[in-house]
Amino acid sequence: MSELGRLEDLPADYVAALRAQNLVPLWPSLRAVMPAAKPQPRTAPTAWSYAALKPLLLRAGELTPIEKAERRVLVLANPGHTLEKMQASSAIYLGMQLLLPGEWAPSHRHTPNAVRMVVEGEGAWTTVEGEKCPMSRGDLILTPTGLWHEHGHDGTTPVVWLDVLDLPLVHYLEASYHVDGQRQVPRASRGERASLRAGIVPTPAFERTRRAYPLLRYPWADTKAALQSLAADQPDLEGVMVGYVNPETGSDAENILGFHALMLRPGQVLSLPARSPAAVYHVIEGGAEVRVAGQVFTLAEADTCCAPGYEAVQLRNVSASAPAFVFVADEAPLHRKLGLYEVRG
Ligand code: GTQ
């Protein structure tokens, strides 16, 4: 591979003449935008400790009333992108949101897709397009693009959840905006009862749901039971992992980011191949060690880390006696749709 010419090699008056016409020579920057063999991601392997962030989040609850925050969130920002960018990876945003008893985070809708993974506390709910979704630890609640959503809390202790949005990508596309709304009038939940049975969904001929997202809440009890029976039924299965899908299409639950839950058997080491999408790992139950790109993170319950794409990831259950359960968010649906998806053995 030959050395390409540098900007300094060009006469200053020539570069100035180019700039005056909004023109730029490609060759001095070609290697930077298309590095050899593999991208050079800004996304740095980064971990966030729940024990460290929780007191700071509770302090935000004292410092900033919900009316002054709309959403009281501390963003888990990747220093590789600079903290101001508020992104975990190029497409993934992570935030820890706090709602105190009696508080209400008003209804709005926006173009970025979101999900919430409930970390701690009971009694909160998110209403999505009139469907009131109770929030318990480990539940996954979707608020896909364009759907009205608001959060409330009828319980007695603070509730914390992890928000995962595709905000960095949608913002980069200059397609990010929100609309404020009115308090929703909840109706009886329909999606969950009709759709949360593997392989059995409402028959189109009778009552096809016309909603693009028939299922908005994935209770942790069901996800955990699915993982446990998968592990029990297939003792040789290495990757005990389930995906959150749209029950009508069988495809990814949302358009841009993908969501999975995995179980690490006691003492298990699980090696995941290098794949093009970046990913986030969040411990729902137990503890896990995550190795990526020369870094080792020991994650306790409710801790979160991110891994850049194109790097192999190794997960190890730190307990020899109890399983560990991990929530995974990645950019795979986006990479597949764009034809960029790669697995590198
Ligand atoms: O709860 O609607 O973390 O609009 C960032 C933006 C949460 C939300 C975030 C949001 C929300």
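In this text, all values refer to a predicted model and were calculated from it rather than measured experimentally.
- There is a side-chain donor-acceptor pair under 3.5 Å between Thr143 and Arg116.
- Scanning both residues, Ala329 and Ile92, for their nearest heavy atoms gives O-CD1, 4.1 Å.
- For the residue pair Glu120/Trp161, the side-chain donor-acceptor check at 3.5 Å is not satisfied.
- With no hydrogens or angles considered, a side-chain donor-acceptor pair links Ser89 and Glu331 at under 3.5 Å.
- Residue-environment remark: CZ (Arg42) stays at or below the threshold of 12 foreign heavy atoms within 6.0 Å.
- The closest side-chain donor-acceptor pair between Asp303 and Trp48, if any, does not fall under 3.5 angstrom.
- Side-chain contact check for Glu150 and Trp104: at least one donor-acceptor pair (N or O, by modelled atom type) lies under 3.5 Å.
- Side-chain contact of His149 with Thr126: a donor-acceptor pair under 3.5 Å is absent, judged by distance alone.
- Closest of all the heavy-atom pairs between Ser276 and Leu340 is OG-O, 3.3 Å.
- Using a 4.0 Å cut-off between a side-chain N of Lys or Arg and a carboxylate O of Asp or Glu, Arg109 and Glu129 do not qualify as a salt bridge.
- At a threshold of 4.0 Å, the pair Glu311-Lys38 counts as salt-bridged, since one of the basic side-chain nitrogens sits closer than that to a carboxylate oxygen.
- Closest approach of Pro134 to Arg217, counting heavy atoms only: O-NE, 2.8 Å.
- Looking at Val280 and Val164, their side chains never come closer than 4.5 Å, going by heavy atoms from C-beta outward.
- Classification of Arg275 and Asp330 as a salt-bridged pair holds, one side-chain N sitting under 4.0 Å from a carboxylate O.
- Gln268 and Asn317 form no side-chain donor-acceptor contact under 3.5 Å, judged by distance and modelled atom types alone.
- Aromatic rings of His108 and His110 (six-membered ring for Trp) have centroids within the 6.0 Å cut-off, being under it.
- Using a 4.0 Å cut-off between charged nitrogen and carboxylate oxygen, Glu285 and Arg137 count as a salt-bridge pair.
- Across every non-hydrogen atom of Pro25 and Leu10, the tightest pair is CG-CD1, 4.0 Å.
- When each of Asn113, Thr145, Thr111 is paired with Asp166, the side-chain hydrogen bond (donor to acceptor under 3.5 Å, both in side chains) condition holds for Asn113 and for no other.
- Side-chain contact of Thr127 with Gln184: a donor-acceptor pair under 3.5 Å is absent, judged by distance alone.
- Inspection of the Glu122 and Thr157 side chains reveals no N or O donor paired with an N or O acceptor under 3.5 Å.
- Between Pro168 and Ser90, the shortest heavy-atom contact is CB-O, 3.3 Å.
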